[in-house]
Structure formats: C-alpha cells, structure tokens
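Have a look at the structure below before the remarks.
Letters A, B, ... are given to chains in the order of the sequence lines, protein chains preceding strands, and every chain is numbered from 1.
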Amino acid sequence: MRESEKTGLAIEASGLVKAFGGNRAVDGLDLRVPAGTVYGVLGPNGAGKTTAVKMLATLLRPDGGEARIFGRDVIREPDAVRGLVSLTGQYASVDEDMTGWENLVLLGRLLGHRKPAARDRAAQLLEAFGLTDAGARQVKTYSGGMRRRLDIAASILNTPDVLFLDEPTTGLDPRSRNQVWDIVRIVVAHGTTVLLTTQYLDEADRLAGRIAVIDHGRLIAEGTPGQLKASVGAGSVHVRLRDPSQRSEAELLLAKELNAPVLLDADPSALTARVPGDGADHVAAEQASRALAELAAAGIAVSDFSLGQPSLDEVFLALTDRPAEKTAA
Amino acid sequence: MSAITAETSTVYVPAPEALGAVLAPGARPPRPSALSASMTFGWRAMLKIKHVPEQLFDVTAFPIMMTLMFTYLFGGAIAGSTTEYLQFVLPGIMVMSVVMITMYTGVAVNSDIEKGVFDRFRTLPIWRPSTMVGYLLGDMLRYTLASTVILTVGLILGFRPAGGPAGVIAGIALLVGFSFAFSWIWTMFGLMLRSEKSVMGVSMLVLFPLTFLSNVFVSPETMPGFLQAFVGVNPVAHLVAAVRSLMAGTPDNGEITWVLTSGALLIVIFGALTMRLYNRK
Ligand SMILES: Nc1ncnc2c1ncn2[C@@H]1O[C@H](COP(=O)(O)OP(=O)(O)O)[C@@H](O)[C@H]1O
Ligand SMILES: [Mg+2]
C-alpha cells in the first residue's frame, strides 16, 4: 500500500531549527500536514520557507528539532524519506542544457525504470503537460511556464507521496499561474500530499486546505484560509469621494457601519476601511455594499470604490500587531 | 518565428484525464543499482558534451599544442634530434596533458552544483556517489580522446612505440584509470571552493609543480638533490615512468604497482572527502 493511501499526517515537524551563522533562518518551526491535502506555507521573502522545505526534503540537516514524513525521520532515515518525496525547487530543478525529453528519461532511469519504460514515461509526461512539441528542444529555450511544467512533470514521474512545491508560480504570467494551479489540484486529487510555499495569500487561499503563516522562521498563525482571513478581516474597501470636504463625515459613518478603524489616505478625497467580515468573501461584499448605501443615504457622493482581498502585508500587520492567542488557532 | 507561434497558438490546458493517467500509481520500480545510477549520470555527461561540443576544444587543441611545442622546443636542444626525443617525451606529454585536463572536472562540478537540478538529484533515493562517478565517467571519455589525439599527432611526427598496439593501449588505460582516481581531488575542490576562478587557481597551483617538476622532459638524474627527492614521491612522475615503460614494451612492474596503489589511495581519501562535502551542501 502506498503511504498516501494511509490516513493521518503526511508531515510532522516540531521545533525545527536551522541557523546560518548567527541568522536563525528557521527558528523552532512546528508543522502538521494532513495526508492528501494541499498545505500552504505563506511568508514574505526571507521568511525561511525554502530553508524549511529543504530540511523536510533531506537537503539540509536541521540544527535542532525533528521532522517525519509519513512517520519516517528525515535525519535518521533520509533514504526512506527520499523514496517518498519529490521537490520542485524555487529555481528550476531541471537541466537547462538538456532537452525536456532527456531530462525526463534521465530521471526515469535514476528512479529505477528500465530504458524502454523510462522513454514511454517521458513521452507520456510530455504529452500530459503539453510539452510534446518542445520535448526535443533544450530547456534553456523554454518559457518560464513551460519550464515550470517540465519541473513538475519531473517531480511526479513516480507519483510521490509528498510533493514539495517551493514558490511554484513566482515570476509566472497569469495564464501559466492558472495552469500550475490546475495541475496542483489534479495532483492532490490523485492522493499526493502537496506542500506549497508562496508569498501570495490569494494563491494559498485558492489551493490550500490549511495555511501556515511564517515570518523570521517562526509560525505566526495556522489555520484554514477562512480562519486566517477572519482574523485579519476579509479585506479593505477603498472609497473616493466626489467632495473632499465630506471626508470626516464619511469617516464617521464608515467606522460606525463597519465597526473598524478607517484610514485617511494621502489623497484628500480618499479613505480606506478594513471590512471585518468573517473570512468569507461574499460577507465582506455585503458589508461593504451596506456601508456604501449608508454613504449614499447621507448624501455623500462616491466617485470611485473598490473592495480588495487582504494583501499579505495586511495579514502580517494584523497578525504581528496582535497577541498570539488571538490569531487563528 | 515558427517556434514562437507553436507555443502561443495552442494554449495548454491541464487535462484531468491525461494527468490522471500519468499519476495513476503503478508499481514503483526498485531503486537502481549503484552501477546503473552511475552509468545514467555518465550518460548525462555525454549528453552535455553533445549539447555543448565546444568543451571538447580543451581536450583536443591543448594537447596538440603541447605536443608540437615541446617536441620542437626541446627536441633539438635536449636530445639533438626531434625524432629521437619524441620517443622519450611523447608518453610524458600525454600524461602531462591528460593530468592537466583533469582540472576541468572541478570547474564543471563547481558551476553545476549551484544549479537547482542538483537539489533534485540529492532528493533521489540513489547511491549517493553516483552523481560524481557519472561526471568522472564522462571525463574518462575526454581523457581517452585527448590521449588518442596526442598519439595520432605523435605517430605523424615519427613516434614509433616499441611496445606496439598492446603496449600503447595498456599505457593509455593506466593513464585514464589514474586520471579517474586523481580527479576526485578536483571534485572535492569543486564542491569546497566558491567560484570557478578559485577552482582554476588552486588547480594550477597543484598541477604545475606536479607536471613540470617531474621526469616528463628530462630524466631526473640531471636535477639537484631536493628536486630528485620531490620527483621520487611525485605520483605524476611514477605515472610517466609506468606509461613510458608500457609503451616501450618493457613494463616496469614496480612503477605500475606504485601508480595503482596511489590511485586507490586517492579514491579512498578524496572520494570520502568529496562525499562529505556533497552531503553537506
Ligand atoms: N545557504 C545560506 N547561507 C546563509 N544564509 C542563508 C542561506 N539560505 C538562506 N539563508 C538566509 O536564511 C533566511 C531564510 O531564507 P529562505 O529560507 O530562502 O527564505 P524564503 O524562501 O522564505 O524566501 C534568509 O535571511 C536568507 O538570507
Ligand atoms: Mg525561497
């Protein structure tokens, strides 16, 4: 039986530490990733995402703490762990000088397939990832999206139990990003547990069942996307008034209606208010439209408005401003 | 033009059926043997040569230049006749050129190791040294090629080895085998040092004394005592003596044993150091 067919935890890490000199890149990280799900690790540049993934994938030896992949210890049984995981690194983990086909055949051979089987598998994967025409070209001629697809194709060659995707969409155009998202959904539907790191809340929200927010190598929040967004407020409503002199009146009204602080923008006719919501986008939209109706009723004309999802910056601001016990559990 | 339109005209849409088919968990094959994994990495080295053939320039042009230069530069002065000198110096030049070429191993490892593809190799459940052995298998092809080039130039210039084809092949085999062992020094430096430049620098520092302070050009009897002492422990000098004896049809078993033993030691010591660094990277 495949490990992924068992239930329980795919990844279990506690107190993971990795220091580079005096810099504690990962500083006591705990993670519990349920099997068969997409788990998002969200954090800004330098948060320690890559370092954490490398420790879990046996590329870096932790300085402290421990981690298990389906019960196998990454320090004591690295070879067993390597048999379960595969990694698509932040920087292309394919060979640029070789063709797409050669990359896949090479990997197939290294994973133990005989030559004919490795060739069949390479052709199948190229087909499934829309790279058949590009298969005979060197990878350095590929677009960013094609390279990423080849990279993921290489990672699922043996249908791993756990797939690590380190910032798989950073630097991709929107269309390629959507393709990667679709691929991730299909991969997880077939039983592979996916741990995905990202800098975009939006991406984690769309794909992940649970999200860990990390900063300076520490976990600052963990929960479902809904719980996280509820802890931050569902987003912000930006309003621009036709008449700047009505701004203080509008500020009072919005603060009362949304029950949240209102920020005055540098633009004298604009204001921004956080929409508390409960993490669900439609609730936020309803609250925002009620607030706008109140403004209209009070005779305050609005020239422009928008409702935005909370950005990662807002998530951080909210999470790091608050005491830890108030963040989503 | 056509390459661009091919990519943009048909937008890829991930199809659940096609992806599902490749994701269906078939039985995973058993992991490859150490030999099979090493041979696969050797194949990778061949593919790299195929895609970047310029790298063969080093192993062909450099040896030709060395052979011509030293035969005509020293031939008249040292031995009085270039043809006569060639019989003595050609095996030496062959050893010198091939040993010099080994340093490209370190450079290749150094420039390759920072690339993301190594992260993938290191997460595979395979015999760990196979990545490095693969490099060296590719390099052995280059060493053989360089030796053949030099032999050909030598034969054209008048080199007539008394050992015949068997002696020449045995000599080249010993040379290529020793160079394989010797290259582990460079895989170590390739992993240890930060830049290609510093790998080059260290390689020169090691290779110049080893190749020039030897019996390649002149017999050590003419040298001052301290130099003779150095030549006595210089593995390259022993290799030259052994290859020379094989090609001359008078195999010197003492020298051959010395070369094989030092080769084995080099693999044990520098192979272990290389793998320590590789596992830590
Ligand atoms: N090999 C390394 N040597 C020294 N410092 C490193 C190394 N790798 C990462 N770091 C440092 O560790 C911190 C976390 O890095 P990283 O894990 O790459 O973050 P992220 O992937 O979240 O952007 C950063 O401050 C980075 O500079
Ligand atoms: Mg990173």
Side-chain angles (χ1 to χ4, degrees), chain A residues 2 4 54 57-59 61 79-80 82-83 85-99 102-103 106-107 109-114 117 121 124-125 127-131 133-134 137-138 141 143 145-146 149 153-156 158-159 175 179 182-183 186-187 189-192, chain B residues 2-33 36-41 43-44 46-52 55 112 114-128 130-131 134 279-281:
Chain A
R2 281 287 169 90
S4 51
K54 284 191 167 180
T58 75
L59 289 176
R61 203 188 154 85
D79 229 41
R82 287 179 196 129
V85 306
S86 72
L87 165 74
T88 298
Q90 183 169 358
Y91 308 102
S93 348
V94 285
D95 202 318
E96 305 263 306
D97 290 332
M98 291 173 23
T99 68
E102 286 165 353
N103 265 286
L106 176 82
L107 209 64
R109 296 283 290 139
L110 292 174
L111 286 167
H113 292 279
R114 295 182 175 283
R121 192 94 183 124
Q124 260 181 359
L125 283 164
E127 179 69 35
F129 282 83
L131 293 168
D133 292 339
R137 276 195 278 141
Q138 279 177 287
T141 68
S143 68
M146 292 161 75
R149 262 147 49 205
S155 293
I156 63 160
N158 252 8
T159 320
R175 195 180 67 201
Q179 293 167 348
D182 286 345
I183 293 168
I186 298 170
V187 168
H190 281 82
T192 294
Chain B
S2 58
I4 295 166
T5 45
E7 153 76 343
T8 47
S9 61
T10 50
V11 175
Y12 167 68
V13 181
E17 315 80 53
L19 274 171
V22 293
L23 282 163
R28 275 178 204 158
R31 56 185 60 184
S33 65
S36 154
S38 304
M39 295 301 280
T40 304
F41 279 112
W43 179 60
R44 172 175 182 262
M46 305 289 163
L47 288 173
K48 290 252 177 186
I49 293 175
K50 186 182 106 186
H51 288 299
V52 195
Q55 55 183 303
D112 235 12
E114 296 305 330
K115 294 182 184 151
V117 71
F118 263 81
D119 282 351
R120 186 183 295 287
F121 294 153
R122 292 193 307 132
T123 53
L124 294 175
I126 51 175
W127 185 58
R128 300 229 106 199
S130 58
T131 328
N279 285 327
R280 285 241 194 107
K281 261 279 167 186

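- Both the backbone and the side chain of B/Leu19 have a heavy atom closer than 4.5 Å to some heavy atom of chain A.
- Ranked by heavy-atom pairs under 4.5 Å with chain B, the first of A/Asp79, A/Thr88, A/Thr58 is A/Asp79.
- Summarising the geometry of B/Val22 relative to A/Arg121, their closest heavy-atom pair is O-NH2, 2.6 Å, with the distance given to 0.1 Å.
- Of the two parts of A/Thr99, the backbone and the side chain both hold a non-hydrogen atom closer than 4.5 Å to a non-hydrogen atom of chain B.
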key: From CA spacing to verdict: side-chain contact (heavy atoms from CB on, under 4.5 Å), B/Val11, A/Gln179   = CA-CA 10 Å; B/Val11 175; A/Gln179 293 167 348; 4.1 Å; yes
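- Looking at A/Ala57, both its backbone and its side chain come within 4.5 Å of chain B, counting heavy atoms on both sides.
- With sequence neighbours excluded, the residues that form a ring pair (Phe, Tyr, Trp, His ring centres under 6.0 Å) with B/Phe121 are B/Phe41, B/Phe118.
- Put simply, NZ on B/Lys50 and CG on A/Asp97 are 12.0 Å apart, with the number rounded to the nearest 0.5 Å.
- Looking at A/Leu107, A/Leu111, A/Leu110 one by one, the single match for side chain to side chain contact (heavy atoms under 4.5 Å, CB included) with B/Thr40 turns out to be A/Leu110.
- Heavy-atom pairs under 4.5 Å with chain A were tallied for B/Ser33, B/Pro30, B/Gly20; the largest tally goes to B/Gly20.
- Of the listed residues B/Val52, B/Ile126, B/Thr123, the one with more heavy-atom pairs under 4.5 angstrom with chain A than any other is B/Thr123.
- Under 4.0 Å is where a charged nitrogen must lie from a carboxylate oxygen, and between A/Asp95 and B/Lys115 no such pair does.
- Residues B/Asp119 and A/Leu59 approach most closely at O-CD2, 3.6 Å, considering heavy atoms.
- No donor-acceptor distance shorter than 3.5 angstrom exists from the side chain of A/Arg175 to the backbone of B/Tyr12, with no hydrogens or angles considered.
- Formation of a donor-acceptor pair under 3.5 Å by the A/Arg109 side chain with backbone atoms of B/Trp43 is not found in this model.
- Taking every heavy atom of both residues into account, B/Arg122 and A/Arg82 meet most closely at O-NE, 3.3 Å.
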inquiry  = Evaluate B/Val117 against A/Glu96 for side-chain contact (heavy atoms from CB on, under 4.5 Å), listing each step before the verdict.
reply    = CA-CA 9 Å; B/Val117 71; A/Glu96 305 263 306; over 6 Å; no
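- Highest contact tally toward chain B, considering only A/Glu102, A/His113, A/Arg114, is held by A/Glu102 [criterion: heavy-atom pairs under 4.5 Å].
- Highest contact tally toward chain A, considering only B/Gly116, B/Pro32, B/Pro29, B/Ala37, is held by B/Pro29 [criterion: heavy-atom pairs under 4.5 Å].
- Counting heavy-atom pairs closer than 4.5 Å to chain B, the top-ranked of the candidates A/Ser86, A/Gly89, A/Ala154, A/Ala134 is A/Ala154.
- Distance alone, capped at 3.5 Å, is enough to place a donor-acceptor pair between the B/Arg28 side chain and the A/Asn158 backbone.
- Side-chain atoms of B/Arg120 and A/Ser155 include a donor-acceptor pair closer than 3.5 Å.
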